[in-house]
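Notes for the one structure printed next.
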Amino acid sequence: MTAADPGPVPDPELLAERAYHEVCRAALGAMIEGADEQVVIGENASASGADAEVLGYELRSQAKGLRELPRAPLFFGRLDFAAGAGEHAGQSYHVGRLRISERPAAPPRVVDWRAPVSRAFYQAGAKDPQGVDTRRRFGWAPGSLGDSADLTGFEDERLGTGQEATGGSRILAGEIERPRVGPMRDIAATIQPDQDDLVRQDAAASVCVQGAPGTGKTAVGLHRAAYLLYTFPQRVQRSGLLVLGPNRAFLGYISAVLPALGESGVRQSTVEEIVERGPATGRDAPAGEAVKHDVRMAEVLRRALYARVSPAGAEEALAVPDGSYRWRVPAHVLTEIVEGVRDEDPPYTVGRERVRSRVVRYVRERAERRAGAVSSAWVQRIGRARCVSAFVDAVWPRARPEEVLYGLLRDAGELARAADGVLSEAEQGALVWERPARSYRSVRWSAADLVLLDELAGLLEHPEGFGHIVVDEAQDLSPMQARVIARRAAFGSLTVLGDLAQGTTPWAARDWRTLLGHLGKPDAAVVPLTVGFRVPGVVLELAERVRGRIGVAVPPARSLRTDGEVRLERVRERGEIGAGVVRAVRWALEREGSVGVIAAEKDVAGVEEALTRAGIEAGGAERVAGRVTVLGAGVAKGLEYDHVVAVEPADVVEGVEEAGAAGPGSGSGRGFARLYVVLTRAVSTLTVVHCRALPF
């Protein structure tokens, strides 16, 4: 371009949209200033200490959330409603990630994508325009931070004409296929109708999404979380919302999605972290670990805990002092109290207090028959009497989860009594410690032990729950891990996300109904997502050949993408693998986007060394360094890269076998499931570097 050739003049309507974006940006600035002013006003408001504190916290949180919004375009679409469209007749609405207006009561400059009117942006079509005359999609420069000049174009769909658009949306396709660099992005601009149906499910509904690779199941779960926080703010925020992922690498990858949608402060955790019983420092042998994750352990632990309850401690009458008088509680009454409470099967700690309160009630009834009503102070004094406390401790002793589990795993006899008819002798033998610690305080608990400790803690008293929990990669949950979640969702709802074909743990689910039963939601709807937007068709075609070896019944996936490339590079000697990886990475670096090098865990160090010698900077799953990431196949789930270099697939398959996730010849397919995960991380190209024969 030269001074004599200034280039094409922007369309007047495009200039008008850029000007409108400037107006919206000014309105957002006014919203931020107004929120800060409200904090000052709220702090000076005359109210009780508690009310002022709550009000101040809410106002400060709102102001902080607005100030910390990521810089991005303020709208991505527009809806123009037809003249006969009811309450929206003749109106135009720009659609963005949050509502923007000059004043709270003023009409919005931008409507939130979660607002009821915005649903037509995702659902309207030529056959059912839902009152929409024109749907406009805006194109923004890649990586735009929201400068109005970055608005590069728009596309209009004339839905009111009743004619389908031909060729699809170039802007929509470009946004879906845009290179993946950095953390996961939100998909508010690209949500498809079936995804929108799931996002807008009612807060009380639990739903399970069986999503093939690249169908956006993780994004659906996160956007449903944002939708619930927007639509049911009091209900969901009061009861809490939790996002659970398989590991910290995955949580780091998705961490930017909710803040980009205006929702900060949502807890994101792993199952091990919500147990909150300290870090797992011990390790189990595969056989023992498998038994600990088996649902039958719930009954073993229940027996072990309630075996401490002993009605035999009520064989003697109890004399309860009341001044100079002694109230006598006969032994048979004490026995009936203990057995009655035991039959009610309450949480263990609740049971203790029920025994105490019923002894006190027995004494109170007799005291009131003798001298009339008694005071609450009298009731408390009787309940705290030394003999009553001693009786309760004798028949229903205090218990700590660590103490109970320690006794069970160190003593083969105690374990045999609790596991009689539940676990085989071989399974019991796999559980008992060969060299137990001297006390439960010095035990190095394993990750599986922490799950068992949480089960015991849940038997003692119900944990604090959440109004809604989003569970991603749920197919890899064991029954005992699922029970950890079920206890925290007892009075809430779940969004369960996963793919049975990607189950790689020894206990991975084979069907959703069984797992949903362990999660406490056996009647939750199971909805398949089978149309892929992320993985190119050529990559998915290769991966489908691997899926056939896994042995689970899931709907086949198909991709809408006809781009992408698969390259197979075979080297002659094992020692040439590193050089092959270097060539593949250099080829990928000539193209735009991120590069993920995924290998069996035993091969990761060698791959990193080869890249370092070649002068290629690479990070790990939890450490970003440039465009290249090297990671083991076991932590690749849920991540995505523009270019994937899959290293020695046969090692990936056998690495799972050797770890005990699937015995050789067992037909469980866990090694193939892990390879299926590796191959489907690719967004644009897949290069397979191998020396051994390919296992597909």
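Given the structure is predicted, the values throughout are model-derived calculations rather than measurements.
For L431 against G288, the heavy-atom pair with the smallest separation is CD2-O, 3.9 Å. The two residues L686 and A646 come nearest to each other via the heavy atoms CD1-CB, 4.2 Å. Nearest heavy atom pair, residue A610 against residue G578, reads CB-CA, 3.7 Å. Across all their heavy atoms, R200 and Y227 have their closest contact at CA-CE2, 3.5 Å. Nearest heavy-atom pair across V595 and A588 is CG2-CB, 3.8 Å. Smallest separation of non-hydrogen atoms from L497 and T218: CD1-CA, 4.1 Å.
C691 has its side chain out of reach of E576: every pair of non-hydrogen atoms, C-beta onward, lies at least 4.5 Å apart. Side-chain atoms of V554 and R547, non-hydrogen and from C-beta on, do get closer than 4.5 Å to each other. L222 is not listed as a side-chain neighbour of L261, based on a closest heavy-atom distance of 4.5 Å or more. Counting only heavy atoms from C-beta outward, the side chains of L258 and Q268 approach each other to under 4.5 Å. Residues Y122 and V199 have side chains not in contact (no heavy-atom distance under 4.5 Å, counting atoms from C-beta outward). Taking 4.5 Å as the limit, some side-chain heavy atom of D476 sits within range of a side-chain heavy atom of T504. A 4.5 Å side-chain heavy-atom check between R488 and I469 finds at least one atom pair inside the cut-off. Using a 4.5 Å heavy-atom cutoff, the side chains of P246 and T270 are not in contact.
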Practice problem: Step by step, work out the side chain to side chain contact (heavy atoms under 4.5 Å, CB included) result for M297 and L423. | Solution: CA-CA 8 Å; M297 283 301 298; L423 301 179; 3.9 Å; yes
Self-check item: Criterion salt bridge (Lys or Arg N to Asp or Glu O under 4.0 Å) on R513 and D511, from CA distance to verdict
Solution: CA-CA 6 Å; R513 281 289 155 221; D511 68 89; over 6 Å; no
Exercise. Start with the C-alpha gap between D642 and E592, add the side-chain angles, then the distance that decides, and say whether side chain to side chain contact (heavy atoms under 4.5 Å, CB included) holds.
Key: CA-CA 8 Å; D642 288 287; E592 188 179 5; over 6 Å; no
Practice problem: Might you work through the side chain to side chain contact (heavy atoms under 4.5 Å, CB included) test for L516 and V526, ending with a clear yes or no? | Solution: CA-CA 10 Å; L516 288 170; V526 179; 3.8 Å; yes
Exercise. Please test L172 against Q192 for side chain to side chain contact (heavy atoms under 4.5 Å, CB included), starting from the C-alpha separation and ending with a verdict.
Key: CA-CA 10 Å; L172 180 61; Q192 301 300 295; 3.9 Å; yes
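For the atom pair CD (E455) and CG (L405), the distance works out to 11.0 Å, reported to the nearest 0.5 Å. Here D197 contributes atom CG and R224 contributes atom CZ; the two are 12.0 Å apart, rounded to the nearest 0.5 Å. One finds the OH atom of Y676 at 5.5 Å from the CG atom of D499 (value rounded to the nearest 0.5 Å). From R558, atom CZ reaches atom CD of E544 across 12.5 Å, with rounding to the nearest 0.5 Å. To the nearest 0.5 angstrom, T687 atom OG1 is 11.5 Å from R583 atom CZ. Expressed to the nearest 0.5 Å, how far CZ of R545 lies from CG of L675 amounts to 11.0 Å.
When the side chain to side chain donor-acceptor pair (under 3.5 Å) test is applied to E609, the partners found at least two apart in sequence or on another chain are R613.
Panel note: side chain R561, backbone R534; a donor-acceptor pair is recorded below 3.5 Å. The closest donor-acceptor contact from the side chain of K637 to the backbone of E473 lies at 3.5 Å or more, if one exists at all. Under a 3.5 Å cut-off, the side chain of T215 and the backbone N or O of A212 do form a donor-acceptor pair. Counting only distance, with no hydrogens or angles, the side chain of R627 and the backbone of L589 share a donor-acceptor pair below 3.5 Å. Counting only distance, with no hydrogens or angles, the side chain of H690 and the backbone of P649 share no donor-acceptor pair below 3.5 Å. Looking at R670, its side chain does come within 3.5 Å of a backbone N or O of A508 through a donor-acceptor pair. The backbone N or O of L494 sits less than 3.5 Å from a side-chain atom of S206, completing a donor-acceptor pair. Using a distance-only test at 3.5 Å, with no hydrogens or angles considered, a donor-acceptor pair links the side chain of R681 to the main chain of V677. In this structure, the side chain of R510 does not engage the main chain of V552 through any donor-acceptor pair within 3.5 Å. Remark: the backbone N or O of G655 is not paired with any side-chain donor or acceptor of R674 at under 3.5 angstrom.
Enclosure of atom CD in E590 by more than 12 non-hydrogen atoms of other residues, nucleotides or ligands within 6.0 angstrom is indicated. Heavy atoms from other residues, nucleotides or ligands lying under 6.0 Å from CD of E541 number 12 at most.
Screening R277, R283, R444, K292 against D449 for a salt bridge (Lys or Arg N to Asp or Glu O under 4.0 Å) leaves a single residue, K292. When E573, E654, E648 are each tested for a salt bridge (Lys or Arg N to Asp or Glu O under 4.0 Å) with R692, only one passes: E654.
Using modelled atom types and a 3.5 Å distance limit, the side chains of Y253 and E640 yield a donor-acceptor pair. Side chains of H468 and S493: a donor-acceptor N/O pair is present below 3.5 angstrom, by distance only.
Figure legend: cation-pi geometry between R591 and W587, with NZ or CZ positioned under 6.0 Å from the six-membered ring centre and within 45° of its axis.
For residues 520-530, the set of pairs meeting the side-chain hydrogen bond (donor to acceptor under 3.5 Å, both in side chains) definition, not counting sequence neighbours, is empty.
Here R267 pairs with E276 in a salt bridge; the nearest charged N to carboxylate O distance falls below 4.0 Å. Residues R296 and D294 are paired through a salt bridge, judged by an N-O separation under 4.0 Å between the basic side chain and the carboxylate. Between D603 and R574 there is a salt bridge, with a side-chain nitrogen of the basic residue lying less than 4.0 Å from a carboxylate oxygen of the acidic one.
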